[in-house]
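What follows is a single structure, written as structure tokens, with notes after it.
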Amino acid sequence: MNLKPLIQSVIITAVVTIFIACGSPGESNNRSNERQPRTEVTQPRVQAPAFNADSAYYFTEKQVSFGPRVPNTTPHVECGNWLQASLERFADTVYVQPARLRAWDGTVLNIRNFIGSFQPENNRRILLCAHWDTRPWADHDPDSRNHFSPIDGANDGASGVGVLLEIARLLSEKQPNVGIDIIFFDAEDYGEHEDKRSSDRDTWALGSQHWSRTPHRPDYNARFGILLDMVGAYNATFRHEGYSLMYAPQIVRKVWALAQREGFGHLFLNEEGGYIVDDHYYINTIRGIPTINIIDQRRDTPHGFFQYWHTKNDTMDNIDRATLHAAGSTVLAVIFEE
Ligand code: AHN
Ligand code: ZN
């Protein structure tokens, strides 16, 4: 058997490969042409790490294990302590923002917002957030005897924080080109009870209203923000939320395009959803940071959210790792694309 032609072809292939890899001098394919005026140094993109949905599921389950995280209760204090310790394990700098805020019913809530910052010296920043408190009242439960009983909030609260803790864990191992701030807002879900029906929108999202007026650093700014709310249910559908389109249309387009690219087009639908007063509303209107909401919106429920919204059935049984994976992988793709 004559091996000579084989050896020749191997050598030719190797030479051609080396030539392509090196390129010709004077012109490069990484757009570092010195003649072009440049306002910013572009760094090569970093490959996004793989999102671990089991880890996000564990972080979600851990929060639920403390019990309902209702302000002024022991589970709330203990879960808060665990969130702070977790951020301190992963982030470069952690801020705790305690406050006493008056709720719509006159209750003074002892709240804490937690902020974990990565690359605090980087002035190109992205804000990621979710609420960590849970609703004190299952006021949408089919059984009216539960309407003053607190919820587990596995999806409504814990899922968004679970996804962001997994992202924090991954960021402790590998950094993108931008600085990241992860904020866990308190007292999002203490809004007016359904029985009241005066629908004062400002009774919701007290923690993010407080942070937006008094951020952890007085001069704080970010290029844009992403809020995750209810990102763990089976058959979730993420539609373009109204205020996100109003205040950050280009971010909505970017995020949904990356979700399609990553293979999550069956959850991230290019359809308009409703207008939701949520943490991002106040970040947009008070702080002026363009912020979108990735939130599960449905067409088949009267309230427009998942079927167990504000019910005793918002439990771990109804959390789907695949949904956590889609939300987390999409956010990771966004921050490693910058
Ligand atoms: C209002 O119902 C005004 N906002 C809903 C925001 C929310 C509650 N997200 C989770 N729970
Ligand atoms: Zn809620």
Side-chain angles (χ1 to χ4, degrees), residues 60 63-64 68-71 73 76 79 103-105 109 111 113 128-141 146-164 183-212 225-233 236-239 241-244 246-247 273-286 291-298 301-316 318-319 323 327:
T60 304
Q63 293 168 77
V64 172
R69 282 80 67 214
V70 174
T73 68
H76 180 261
C79 183
W104 62 277
D105 61 356
L109 308 178
I111 71 115
N113 293 325
L128 308 176
C129 53
H131 77 88
W132 71 274
D133 65 305
T134 52
R135 186 149 181 79
W137 315 293
D139 50 357
H140 274 93
D141 199 277
N146 290 329
H147 284 190
F148 287 87
S149 170
I151 66 169
D152 269 9
N155 192 30
D156 189 358
S159 67
V161 171
V163 165
L164 292 183
I183 309 190
F184 299 145
F185 289 121
D186 204 346
E188 188 279 334
D189 237 342
Y190 215 98
E192 276 182 343
H193 195 281
E194 269 300 301
D195 288 2
K196 185 127 186 299
R197 266 287 154 226
S198 66
S199 64
D200 177 358
R201 57 168 57 177
D202 292 341
T203 64
W204 300 86
L206 300 181
S208 55
Q209 290 189 52
H210 175 69
W211 177 85
S212 296
I226 301 176
L227 170 65
L228 300 178
D229 195 4
M230 301 190 267
V231 293
T237 46
F238 304 118
R239 294 183 166 85
E241 184 274 331
Y243 294 116
S244 308
M246 179 178 287
Y247 292 106
Y275 288 78
I276 318 283
V277 175
D278 206 339
D279 294 314
H280 74 309
Y281 175 79
Y282 297 99
I283 302 171
N284 279 301
T285 57
I286 300 174
T291 303
I292 66 156
N293 193 2
I294 299 178
I295 183 167
D296 183 1
Q297 290 188 268
R298 308 290 178 103
T301 59
H303 42 65
F305 300 116
F306 79 121
Q307 60 269 45
Y308 304 123
W309 183 65
H310 295 179
T311 76
K312 295 300 276 185
N313 284 317
D314 183 1
T315 59
M316 283 311 291
N318 295 308
I319 295 295
T323 304

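Counting starts at 1 for both ligands and their atoms, in listed order.
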Discussion item. Suppose we measure from atom 9 (N) of ligand 1 to each protein heavy atom; which comes out shortest, and what is that distance?
Written reply: Asp229 OD2, 2.8 Å
Worksheet item: With a 4.5 Å limit on heavy-atom distance, are the side chains of Asn155 and Tyr308 in contact?
Response: no
Discussion item. Glu188 and side chain to side chain contact (heavy atoms under 4.5 Å, CB included): which single residue from Thr134, Ile111, Asp133, Leu227 fits?
Written reply: Asp133
Item to complete: Considering just N/O/S atoms, say which atom of Asp189 is closest to the Zn ion (ligand 2).
Response: OD2
Worksheet item: Trp309 vs His140 aromatic rings, parallel, tilted or perpendicular, using cut-offs 30° and 60°?
Response: tilted
Discussion item. Against ligand 1, does Arg135 come closer than 4.0 Å with any heavy atom?
Written reply: no
Worksheet item: Does Met230 come within less than 4.0 Å of ligand 1, judged by its heavy atoms?
Response: yes
Practice prompt. Measure from the Zn ion (ligand 2) to each N, O or S atom of Glu188 and report whether any distance is below 2.8 Å.
Written response: no
Discussion item. So, 2.8 Å as the limit: is an N/O/S atom of His310 located closer than that to the Zn ion (ligand 2)?
Written reply: yes
Discussion item. Can you report which non-hydrogen protein atom sits closest to atom 8 (C) of ligand 1, along with the distance?
Written reply: Asp189 OD1, 3.2 Å
Worksheet item: Looking just at side-chain N and O atoms, do Asp278 and His131 make a donor-acceptor pair shorter than 3.5 Å?
Response: no
Worksheet entry | atom 6 (C) of ligand 1 [closest protein heavy-atom partner, distance rounded to 0.1 Å] | Glu188 OE2, 3.2 Å
Worksheet item: What is the closest protein heavy atom to atom 10 (C) of ligand 1, and at what distance does it sit?
Response: Asp156 OD1, 3.0 Å
Worksheet entry | Reference residue Ile276; test side chain to side chain contact (heavy atoms under 4.5 Å, CB included); the match among Phe305, Trp204, Tyr281 | Phe305
Worksheet item: For ligand 1, does Arg201 get within less than 4.0 Å through its side chain, its backbone, both, or neither, judged by non-hydrogen atoms?
Response: neither
Item to complete: Give yes if a backbone or side-chain nitrogen or oxygen of Val277 is under 3.5 Å from a nitrogen or oxygen of ligand 1, and no if not.
Response: yes
Worksheet entry | Contact check: Asp156 to the Zn ion (ligand 2), N/O/S below 2.8 Å | yes
Worksheet item: Charged N to carboxylate O below 4.0 Å: is that the case for Lys196 and Asp200?
Response: no
